[in-house]
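Reviewing the structure listed below.
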Protein chains: 2
Amino acid sequence: MPKETFFNLPRDKRNLIISAAIEEFSKADYNTASINQICKKSNIPKGSFYQYFTDKLDLYVYIMTLAIEEKIKFFSDVISEFPALTLLEQIRLLFLKGLEFAKKHPQYAALAEQFTKENDESVKSAVIKEGEKQSEALFIQMIDNAKAKGEIDEKVDSVALSILLQSLNSAINRYMLDKFGNVRYEDNQEDINYFVDSLLNIIFFGIQNKND
Amino acid sequence: MPKETFFNLPRDKRNLIISAAIEEFSKADYNTASINQICKKSNIPKGSFYQYFTDKLDLYVYIMTLAIEEKIKFFSDVISEFPALTLLEQIRLLFLKGLEFAKKHPQYAALAEQFTKENDESVKSAVIKEGEKQSEALFIQMIDNAKAKGEIDEKVDSVALSILLQSLNSAINRYMLDKFGNVRYEDNQEDINYFVDSLLNIIFFGIQNKND
DNA sequence: AATATTAGTGACCACTTGGTCATATTGTTA
DNA sequence: TAACAATATGACCAAGTGGTCACTAATATT
């Protein structure tokens, strides 16, 4: 956690430091991201930085905490807003809302993507301690719930499906980058909806020819 | 490409440099990987290194080229060995053989994983120019072939399915890490076979309850 | 044996890194 | 106004980076 001196700073200065840090940690992994650059970008001297934070990790964990808070708030809002949907509808909603979230908060999305790439295990675990597995728990809960309702086959492996669904998020982003060279949802809304539905149709109905 | 001086080196010395480089580029991204460490590990002076390679990128692209060659050779061998299998059988074979490959050549597997994390776009594109998309082409060819045989539904989106299948590789690795804390195939062979089948069953037969 | 060519070497360069610390500045209380 | 505490500051540090280069050693060629 940042020192008291950081929270005593005027809001504007604090936000400037935060956004400079988000920018830096978004485009480079932990070790490559530079405190010097963050200081330069937010116009604070090196010495001041260490007046606010004990070290680099202190800042990084703090920034990630902010991002995780925002993400959890967003998803739980979406879920609780539509409790009666089928699993297919729930997941479809989650994917499309996820794209919306990434569109509205591209910094946080980039931050999360960068985190998945992180090599330094000690840094990763420091962040994970601040809570992260909750999204996987959410998926499994949704799946088991759908099983109880008889919506999907009992024999489907919940963990396998959960991991598969999580992989789809990055698959969607990869598809957008491959095909359009960017990840702007609004520019290619039709194509993306079609792609998301293609993936979900495969998952829900299988690929085997029904006319056999 | 390395300079002539490199290829004039005795085999042993060349291989020592190569394996030192593979080790270094496996455990850190391009920028973090250190030429100094590679020199130290392979017992060659800094100056000699630049006698063999024009720069860091020259070495990296060369190393990746070796890995790609090995991977392509392996997969095309597997495919041509069993031309008459159904798509499900082909893909199942590819995944399990893929695990076998990762087990026998963990360095190359680690190298590939590290590459997917790479941030430096200019470095990425330098490698991609040496050929990489061929695995995606392979999948799509397999899928279209299966469609022509009436094995799978014509309406399934080939590109979507191809990306989905590629996602499975990372899903498998993630699953193994989550569940066992390592990626050693032999230690948990049963579980992994079960997991692969779970994933493939989802893809091929869907998750919807057939008793509706 | 003398010469010309190629390869081996490590000190050195400019630069960047995360982090420290003595000093200067500011704000608050007496 | 004087004293004291809290904060701001940037020169500085040791350690690392990729890359260079003058020099030496070995090998081929004459």
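All chains are named by letter (A, B, ...) in the order of the sequence lines, taking the proteins before the strands, and each is independently numbered beginning at 1. We use all heavy atoms of the structure for the numbers below, so side chains are in, but hydrogens, waters and symmetry mates are not.
Within residues 31-41 of chain B, the residues having any heavy atom closer than 4.0 Å to DNA chain D are, in order of number, Ala33(B), Ser34(B), Ile35(B), Asn36(B). Within a heavy-atom distance below 4.0 Å of DNA chain D, the residues of residues 44-59 of chain A found are Pro45(A), Gly47(A), Ser48(A), Gln51(A), Tyr52(A).
If you take CG of Leu9(B) and P of dA26(D), they are 16 Å apart, rounded to a whole angstrom. Between Lys3(A) atom NZ and dG19(C) atom P there is a gap of 11 Å when expressed in whole angstrom units. When the C1' atom of dA8(D) is taken as reference, atom CD1 of Ile17(A) falls 12 Å away, rounded to whole Å.
Taking the centre and axis of the six-membered ring of Phe53(B), the NZ or CZ atom of Lys3(B) falls outside the cone set by 45° and 6.0 Å. Remark: Lys56(B) is positioned above the aromatic ring of Tyr30(B), its terminal NZ or CZ atom under 6.0 angstrom from the ring centre and at most 45 degrees off the axis.
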Side chain to side chain contact (heavy atoms under 4.5 Å, CB included) evaluation trace for Tyr50(A) with Ile35(A): CA-CA 10 Å; Tyr50(A) 285 94; Ile35(A) 297 291; 4.2 Å; yes

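With 3.5 Å as the limit, one finds no donor-acceptor pair spanning the side chains of Lys27(A) and Asn119(B). With 3.5 Å as the limit, one finds no donor-acceptor pair spanning the side chains of Ser34(B) and Lys40(B). Between the side chains of Gln51(A) and Ser48(A), no donor-acceptor pair of N or O atoms lies under 3.5 Å. A donor and an acceptor atom, one from each side chain of Ser26(A) and Glu23(A), are nowhere located under 3.5 Å apart.
With respect to Asp29(A) and Lys117(B), no salt bridge is recorded, no charged nitrogen being found less than 4.0 Å from a carboxylate O.
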